[in-house]
> 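I am attaching a structure below and will ask some questions about it afterwards.
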Amino acid sequence: MSAAAAWTVVGVSGDTATLVGLDADGGERGRDRVPLETLAQRVAAREAAGTRWVWSDTARVYPALLHAGVRVLRCRDLRLCHAILRDTALLDGDGSDAAAAAAAQLRAAAAWDAPAVDPGQAPPVALFELDGAAGRPAGPPQEIGEVLAEFARQRAAVAASTQPRRLDLLCAVESAGALVAAEMTAAGLPWDTAAHDAILTEVLGARPAGGGAPRRVAETAATVRALLGDDKASLDSPPKLLRSLHRVGVPARTTAKWELREYDHPVIAPLLEYKALMRLFTANGWAWLADWVRDGRFRPVYIPAGVVTGRWASSGGGALQIPRRLRAAVRADPGWTFVVADVAQLEPRVLAAMSGDTALAAAARGSDLYSGIVDSGAVATRAEAKVAMLGAMYGATTGESGRLVPRLRRTYRRAMALVDTAAREGERGGVVSTWLGRTSPAASRGWREVQSLASDENAGVVERERARRAAGDRGRFTRNFVVQGTAAEWALAWLAEVRLRLAALAPVPVEDAAPRSGPAFSRTPHLAFFLHDELIVHTPAARADEVDRIVRDAAAAAASLLFGDFPIDFPLDLHISPTGEKG
DNA sequence: GAAATGCGCGCG
DNA sequence: AAAGCGCGCGCATTTC
C-alpha cells in the first residue's frame, strides 16, 4: 500500500484489523491485514506518512490509540457524519436522481444509526472491543466491507447535495471535534483539589467528619426553619416548602429562586442562601471531587453532537455546568499556564453572517455588538439591545423582550427575516438547516397528531389551544436551531483550527516542566477544555504568546472557512492566566 | 427496589 | 428585567 493514500479506511473483524488505502477519488490503493494488537503501531507509521483516517466511531477506537501513545491529525467519523447526511435537507432540494438515490441509500443503512459507544464506560485499552460485549451498545458496524460501503455512500451523498463544499466542511469539523473530545478526556483539565477544598470550606464551612451537612448549610437551614416557624420543615421538597411558605404568608406559586426573589419576607434571603449552598454541596462538593478528579485532572466525557443543534453534551461530572466560582480550582501545572478564550456574542454575529445582514454585521464590528446596535439607533441602551437580540433569537413574545424585538426588525431586516422564517417553518411542521447543512429533526408523530386533531372541524377550544402552543414551542425551537447550530459549527471550525495549529508547534523539551501525567501530546500546548464558545489551552508559560496568536488566527480562519469574505468580526476575550477563570 | 417523572439550578 | 432556546445532574416523589 502506498504511503501517500489520501484516506486510510480502518475495519475490524474478530482479532484482525484491515487498513485500506484510498486515493482522493476513492480508488483502492492497497490493503493490509494486521493483528488487532499491532494496529496502534500501524496507525502511527501511516500517520507519519500523512493520511486521513476513516473509521466507524472515534469514541470507540481513539481512546485506545491515545493510550498507546498514538495521535492522529485528521479523521472521518462515519457515525457522526452518517447522522448529519441522513437528515440533511441539502439532499432534498433539487430533486435530482443522484441526490435522491444517495439519500435513499444512506437512509437504508440503518445499522449506522447506532449510538456511540460511551467512551466513559469503555476501558481505554480495549481496542475495538467485540460488539455488544459486557452489555454495552453495539455501536455502528466495524467490518471493513461495511465501513468502505458507508464511506462510499457518504461521499456520494456529499457530492450529490446542493452544497457539497459546506457538507464536506461540516463532516470534517464534526470529525475533528470527535478527535478533540477524546484527546481532552485523555489529557484532562488540570484541577487543584486543595484549591477546590479551600473554596468549599470557605463557602460551606468545614467538611463534616461523619457525612451530613457542612456547618454553614446546617446553620442556614436552621435559620430558615426558625423563620418558617417549623423546626421540622422540609426545605428540599418543593411542594412541602411551598406549603411552609404559604403558612408564613408568602403566596409563591413555585419555589424557583427567580420567583422567590419577588417577595419581601425575612425568610426569602436565608432560603435563597440555603439553596445556593446546598446546590454547591450536592453538585460540586467533596463527593464530586472524589468521584471526578484523579491525579490532578478532571476528565469529563464529552459527547460531540450530543445536542440536536450540533453542540456538544457531556456525560458524568457535569463538565459543561462547572459553576463559575469553581473556575479558581482550575490550576495550571507548575511552569505552565492557560490561554482562556471565548467569543463575545457569537450567536448574533453568526446570524449577521448567515443572513448576509450588512447592517447587523456593521453593528458587530469591534468588540461589543450590543453597543453597536445602540449606535445604530434601533434601541436606546445596551441592556435593551441585549434583551431584544436574545428575544429575537429565542422567540420572546411577551415582556420587555417581546416589546423590543420589533425595533430590531426594522433595522436588521435580513437577520430578523431569517429567524422569523425559521420559526414559521417549524410552526407548520417543516425542518430548518444550519449554514453548513445540519438539519433539525422532523416533527414528531405526537406533534403532528396534535395539529391534525386541532384542524378537525369538530375540534374544541382545548385541542386548538394545545395545538397552537405546540406549534409555538416548535417554532421557537427551529428559530433558535439555525442560530445555535451555526454557532456550534463556527466553534467546531475554531476548535479544529486551534488543534491543528497547536499540533504543528515545535515540541517542548521534556525537561520544560512537563505535566504530572497524561498522554505524550499533553507535554506540548494542548486543548484542555471546550464549552460552546470558549476554549482553554494548557501551555508552558513560555509559549503562551505563541498560543495566543494561534487561537486568534484560528478564529479568523474559522470565520473565513464558513463565511468566506463576508465582513463579520469574531472578536475574542482572551486571557493568559494560571487559573481557568474568565476575564 | 428500580425506573420514570418533575422540579430546580448550574452552564452556554 | 423577565422567564423566550439548548443541555446534565441531584433530589424528592411517583409509578411499576
> To the nearest Å, how far apart are A/Asn480 CG and C/dC7 C1'?
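My rounded result for the distance is 12 Å.
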
> Between A/Thr398 and C/dA3, is there a contact of a side-chain N or O with OP1 or OP2 at under 4.0 Å?
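The answer is yes; a side-chain N or O of A/Thr398 sits under 4.0 Å from OP1 or OP2.
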
> Enter the distance from A/Leu418:CG to A/Trp435:CH2 here, rounded to the nearest 0.5 Å.
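One finds 9.5 Å between CG of A/Leu418 and CH2 of A/Trp435.
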
> Would you say CZ of A/Arg382 has more than 12 non-hydrogen atoms from neighbouring residues, nucleotides or ligands within 6.0 angstrom?
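Yes.
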
> Nearest to the side chain of A/Ser237, which nucleotide is it out of B/dC9, B/dC11, C/dA12?
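The answer is C/dA12.
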
> Could you check whether the side chain of A/Arg311 and the base of B/dG12 have a donor-acceptor pair of N or O atoms closer than 3.5 Å, going by distance alone?
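In this structure, the two groups form a donor-acceptor pair.
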
> Can you tell me the distance, in whole Å, between the OH atom of A/Tyr302 and the C1' atom of C/dG8?
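It is 14 Å, rounded to the nearest whole Å.
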
> Of all the nucleotides listed (B/dC11, B/dC9, C/dG8), which has the minimum atom distance to the side chain of A/Lys257?
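The nucleotide sitting nearest to the side chain is B/dC9.
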
> Please give, in whole Å, the distance from C/dC7 C1' to A/His532 NE2?
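Roughly 7 Å, once rounded to whole Å.
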
> A/Lys582 side chain N/O closer than 4.0 Å to the phosphate oxygens (OP1, OP2) of B/dG12?
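Yes, within the criterion.
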
> Is it true that the NZ or CZ of A/Arg331 lies under 6.0 Å from the centre of A/Trp191's six-membered ring and within 45 degrees of the ring axis?
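Output no; distance or angle outside limits.
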
> Whole-Å distance between B/dC9 P and A/Asn284 CG?
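Rounded to the whole Å, the gap is 15 Å.
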
> Quick one: is C/dA12 close enough that its OP1 or OP2 comes under 4.0 Å of any side-chain N or O from A/Lys240?
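Negative; the distance criterion is not met.
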
> Nearest to the side chain of A/Val307, heavy atoms from C-beta on, is which of C/dG6, C/dA3, C/dG4?
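Nearest listed nucleotide: C/dG6.
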
> Taking the nucleotide of DNA chain C with the closest heavy atom to each, which residue, A/Gly391 or A/Glu400, is nearer the 5' end?
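Comparing both residues, the 5'-ward one is A/Glu400.
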
> Mind telling me whether A/His526 and A/His538 have parallel, tilted or perpendicular rings, with 30° and 60° as the class edges?
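Correct class here is perpendicular.
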
> State whether the distance check finds a donor on one side and an acceptor on the other, under 3.5 Å, for side chain A/Arg476 versus base C/dC5.
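When only heavy-atom distances are counted, A/Arg476 does not reach the base of C/dC5 through any donor-acceptor pair under 3.5 Å.
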
> For the side chain to side chain contact (heavy atoms under 4.5 Å, CB included) test, which of A/Leu404, A/Val379, A/Ile373 pairs with A/Met389?
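Result for side chain to side chain contact (heavy atoms under 4.5 Å, CB included) with A/Met389: A/Ile373.
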
> Answer whether the closest heavy-atom distance between the side chains of A/Phe570 and A/Asp533 falls below 4.5 Å.
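No; the side chains remain at least 4.5 Å from each other.
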
> Tell me which of A/Ser401 and A/Gly306 sits closer to the 5' end of DNA chain C, going by the nucleotide each one is nearest to.
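Closest to the 5' end, via its nearest nucleotide, is A/Ser401.
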
> Rounding to a whole Å, what distance do you find between A/Leu242:CG and B/dG8:P?
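A/Leu242 atom CG is separated from B/dG8 atom P by 8 Å.
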
> Could you please name the partner base of C/dG4, counting Watson-Crick and G-U wobble pairs only when both distances are under 3.5 Å?
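C/dG4 is unpaired by these criteria.
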
> Nearest to the side chain of A/Gln484 - B/dG12, B/dC9, C/dA12?
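Looking only at side-chain atoms, A/Gln484 lies closest to B/dG12.
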
> Determine whether any donor atom in the side chain of A/Gln321 lies under 3.5 Å from an acceptor atom in the base of C/dG8, or the reverse, and answer yes or no.
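Side chain to base: pair present.
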
> Please report the distance, rounded to the nearest Å, between CG in A/Leu260 and C1' in B/dG8.
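It is 11 Å, rounded to the nearest whole Å.
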
> Could you state the atom-to-atom distance from CG of A/Leu346 to P of B/dG12 in whole Å?
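It works out to 13 Å between those atoms.
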
> Return the nearest nucleotide to the side chain of A/Thr255; candidates are B/dG8, C/dG6, C/dG8.
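Given the options B/dG8, C/dG6, C/dG8, the side chain of A/Thr255 is closest to B/dG8.
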
